Amino acid sequence: MNDRFNKICIIGAGPAGSMSAYLLKKSGFDVVVIDKYSTPKRKVCGEYLCPSGVNLLSQQGVDSIVEDFNRVHGMKIVSPKGRTILSFFPEGRIMNHGVSVNRSLFDQRLRDLGKSVGCKYIEGHAVTNIQKEGSSWKVILDRGDEVFCDLVVGADGINSPTAQIFGHKDFIDTKRIALHVYIPLKDRKFYSRLGQMHITKDGSYVGLNPINENEINFSIVCSKEKLKDMSRKEIINEAIKSSEILRSYFDEIDDGVKINTAGSIKNRNNFIAGEGIAYVGDSAGFIDPLTGEGMYNSLQGAIFLNEALLKNRNNFGLKAYKKKKKKFFKEKNILNNIFQLIIKTPFLCEIIASFLIVRQKRADTFIGIIGNIYKPLEGIKKLIFQS
């Protein structure tokens, strides 16, 4: 079980998969990446990379892949009663801007990085099964081809077929859904390099991600119960009509607008790594990320996996990866659950808004916490004792 890993098969060529491939190939592993799509598809639900994510790319010397994307300098937060808080990412030890990305372009650039260092990509074919073959794994493709490897890395996203094959996926029904759509602004004067979060009185929230002047990524997370009485279009239009600010930004959408739905916004994978198997990105477990740190988690997980396998190219390395990943994301997941509770409780939202609105430094520290500039406990201490 602790034989040396030489050949690695990564299933999924998104941010987690391609970054893992790039790093592991540079570290001397033989890497094959399999993805069911021949070219990356645009994913409306993951088009923002927080400052810490931009910083990770810079540390790896590959930040050029996001240099032409729209920079995001902070967030505008609107409480259920309409209190507006402008916050800006604080300057300090890392980047003080995030980026709004076109996911098809971003994912393709990451694929190209992997290919540039010699990773083999098998594109346009899905994995149908994975079997043990002696001391190796046999990965079977839909066209009948077989790929043999020492280590299987599942990087195939929210509904991870790899996790389903191995029985490692644990779905959690949060009774919430996310709807995503692109909406043009009524007037370009409303365009801003700030992301936005509008919290509604019923515990839903709307996120706005400025891709460019003509394209705003509009998302709403709300109760699944709404779908019993309303269409997806009606849910989005209700959110627009309920907010004076959103009404000034957007017209109501019509039937011709494509709406993307994410019915699974929280999954758990307690396995994570071991026995010649590892997971990175959303397939390793995720929670609704609020402000787009999902891609950051994917990139950071890829870096952790590479660092661990550099020290021990076997299951001991996977054990170290699992331990580090769980420790790193534990605080964040606790904090995220607290934020979810606050969002669902309007009077708590107003208390927080009243506290933040008094001083700009408080607002900036707050966005530094949810933007991963500060570790959760570090940021909370700064927030409490902020002058």
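Source: prediction; values computed, not measured.
- Side-chain contact between Ile277 and His168: present, with at least one pair of heavy atoms (C-beta onward) separated by less than 4.5 Å.
- Of the possible donor and acceptor atoms, one in the side chain of Glu378 sits under 3.5 Å from a partner among the backbone N and O of Lys375.
- Counting only N and O atoms by type, the side chains of Arg111 and Tyr22 include no donor and acceptor under 3.5 Å apart.
- In terms of hydrophobic clustering, with Ile, Leu, Val, Met, Phe, Trp and Tyr side chains grouped at heavy-atom distances under 4.5 Å, Phe88 and Tyr191 are assigned to different clusters.
- We find that Lys138 and Glu146 are joined by a salt bridge, their nearest charged nitrogen and carboxylate oxygen being less than 4.0 Å apart.
- Here the closest heavy-atom approach between residue Phe106 and residue Ile65 is recorded as CE1-CD1, 3.8 Å.
- At a cut-off of 3.5 Å, with distance as the only test, no side-chain donor of Ser27 or Arg313 sits close to an acceptor on the other residue.
- In this model, a donor atom of one side chain and an acceptor atom of the other lie less than 3.5 Å apart for Tyr121 and Ser18.
- Remark: the backbone N or O of Gly276 is paired with a side-chain donor or acceptor of Trp137 at under 3.5 angstrom.
- Residues Ile10 and Ile8 form a side-chain contact, since some pair of their non-hydrogen atoms from C-beta on lies under 4.5 Å apart.
- Defined by atom type and a distance below 3.5 Å, a donor-acceptor pair is missing between the side-chain atoms of Glu123 and His125.
- If you check the side chains of Arg232 and Thr261, you find a donor sitting under 3.5 Å from an acceptor.
- Geometrically, Arg109 engages Phe69 in a cation-pi contact defined by less than 6.0 Å to the ring centre and at most 45° from the axis.
- At distances below 3.5 Å, at least one donor-acceptor pair connects side-chain atoms of Glu234 with backbone N or O atoms of Ser231.
- One distance of note links OH of Tyr296 with SG of Cys50; it measures 6.5 Å at 0.5 Å rounding.
- Arg42 has no carboxylate O lying under 4.0 Å from a charged side-chain N of Asp107, or vice versa, which leaves the two without a salt bridge.
- Looking only at distances, a side-chain donor or acceptor of Asp35 sits under 3.5 Å from a matching main-chain atom of Ala13.
- Within the 3.5 Å criterion, the main-chain N or O of Ser136 finds no donor-acceptor partner in the side chain of Asp150.
- Phe89 places a side-chain heavy atom less than 4.5 Å from the side chain of Ile373.
- Using a 4.5 Å cut-off on side-chain heavy atoms (C-beta onward), Ile122 and Leu141 make contact.
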Practice prompt. Report the C-alpha separation of Leu305 and Val153 in whole Å, then their side-chain angles, then the decisive distance to 0.1 Å, and conclude whether the side-chain contact (heavy atoms from CB on, under 4.5 Å) test is met.
Written response: CA-CA 10 Å; Leu305 179 62; Val153 176; 4.2 Å; yes
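- Looking only at atom types and distance, the side chain of Asp364 has no donor-acceptor partner in the side chain of Ser87 under 3.5 Å away.
- To the nearest 0.5 Å, atom SG of residue Cys149 and atom CD1 of residue Ile34 are 8.0 Å apart.
- Between the side chains of Asn209 and Ser100, a donor-acceptor pair is found at a separation under 3.5 Å.
- Pairing each heavy atom of Asp251 with each of Ile240, the nearest pair is O-CD1, 3.9 Å.
- Classification of the Phe190-Tyr249 ring pair by plane angle, with boundaries at 30° and 60°, yields tilted.
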Practice prompt. Could you walk me through whether His97 and Val72 pass side-chain contact (heavy atoms from CB on, under 4.5 Å), step by step?
Written response: CA-CA 5 Å; His97 69 271; Val72 177; over 6 Å; no
Worksheet entry | Candidate pair Ile140 and Val147, rule side-chain contact (heavy atoms from CB on, under 4.5 Å), full reasoning | CA-CA 7 Å; Ile140 304 169; Val147 176; over 6 Å; no
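- Without hydrogens or angle criteria, Gln360 side chain to Leu86 main chain gives a donor-acceptor distance under 3.5 Å.
- The aromatic ring centres of Phe304 and Phe328 sit less than 6.0 Å apart.
- Of all heavy-atom pairs spanning Arg176 and Lys224, the tightest one is O-CE, 3.6 Å.
- Asp63 places no side-chain N or O within donor-acceptor distance of the main-chain N or O of Val54, the cut-off being under 3.5 Å.
- A continuous path of hydrophobic side-chain contacts links Phe366 to Phe385 [ILVMFWY only; heavy atoms under 4.5 Å].
- Leu383 and Leu377 fall into different hydrophobic clusters, defined by Ile, Leu, Val, Met, Phe, Trp and Tyr side-chain heavy atoms under 4.5 Å apart, directly or through other members.
- Atom OG of Ser104 is separated from atom NZ of Lys41 by 10.0 Å, given to the nearest 0.5 angstrom.
- For Lys81, the NZ atom is loosely surrounded, since the number of other residues' heavy atoms within 6.0 Å does not exceed 12.
- For the pair Lys7 and Phe148, the cation-pi test (distance below 6.0 Å, angle within 45°) is failed.
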Item to complete: Go through Lys226 and Asp202 one step at a time and tell me if the salt bridge (charged side-chain N to carboxylate O under 4.0 Å, His left out) criterion holds.
Response: CA-CA 11 Å; Lys226 283 185 173 246; Asp202 67 354; 2.9 Å; yes
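- Tyr205 and Ile351 fall within the same hydrophobic cluster, defined by Ile, Leu, Val, Met, Phe, Trp and Tyr side-chain heavy atoms under 4.5 Å apart, directly or through other members.
- Checking each of Pro346, Ser243, Ser204 against Pro80 for a side chain to side chain contact (heavy atoms under 4.5 Å, CB included) leaves exactly one that passes, namely Pro346.
- Lys241 has no carboxylate O lying under 4.0 Å from a charged side-chain N of Glu238, or vice versa, which leaves the two without a salt bridge.
- For the pair Asn212/Asn102, no side-chain contact is recorded, criterion being any heavy-atom separation below 4.5 Å from C-beta on.
- Hydrophobic clustering (side-chain heavy atoms under 4.5 Å, transitive across Ile, Leu, Val, Met, Phe, Trp, Tyr) keeps Met19 apart from Tyr279.
- Side-chain polar atoms of Tyr321 and Asn312 form no donor-acceptor pair below 3.5 angstrom.
- Judged by distance alone, the side chain of Ser160 and the main-chain N or O of Ala163 form a donor-acceptor pair under 3.5 Å.
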Worksheet item: Can you list the steps and then say if Val181 with Lys233 is a side-chain contact (heavy atoms from CB on, under 4.5 Å)?
Response: CA-CA 10 Å; Val181 65; Lys233 182 190 78 172; over 6 Å; no
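- Side-chain polar atoms of Asn214 and Arg188 form a donor-acceptor pair below 3.5 angstrom.
- Residues Phe250 and Leu185 have side chains in contact (heavy-atom distance under 4.5 Å, counting atoms from C-beta outward).
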Worksheet entry | Audit row: Tyr182, Asn260, side chain to side chain donor-acceptor pair (under 3.5 Å) steps and yes/no | CA-CA 10 Å; Tyr182 294 110; Asn260 295 274; over 6 Å; no
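- For the pair Arg362 and Phe355, the distance from NZ or CZ to the six-membered ring centre is under 6.0 Å and the angle to the ring normal is within 45 degrees.
- Contact check for Ile85 versus Lys76: no side-chain heavy atoms found under the 4.5 Å cut-off.
- Salt bridge annotation for Glu225-Lys175: absent, with no cationic side-chain nitrogen under 4.0 angstrom from a carboxylate oxygen.
- Panel note: side chain Gln164, backbone Asn159; a donor-acceptor pair is recorded below 3.5 Å.
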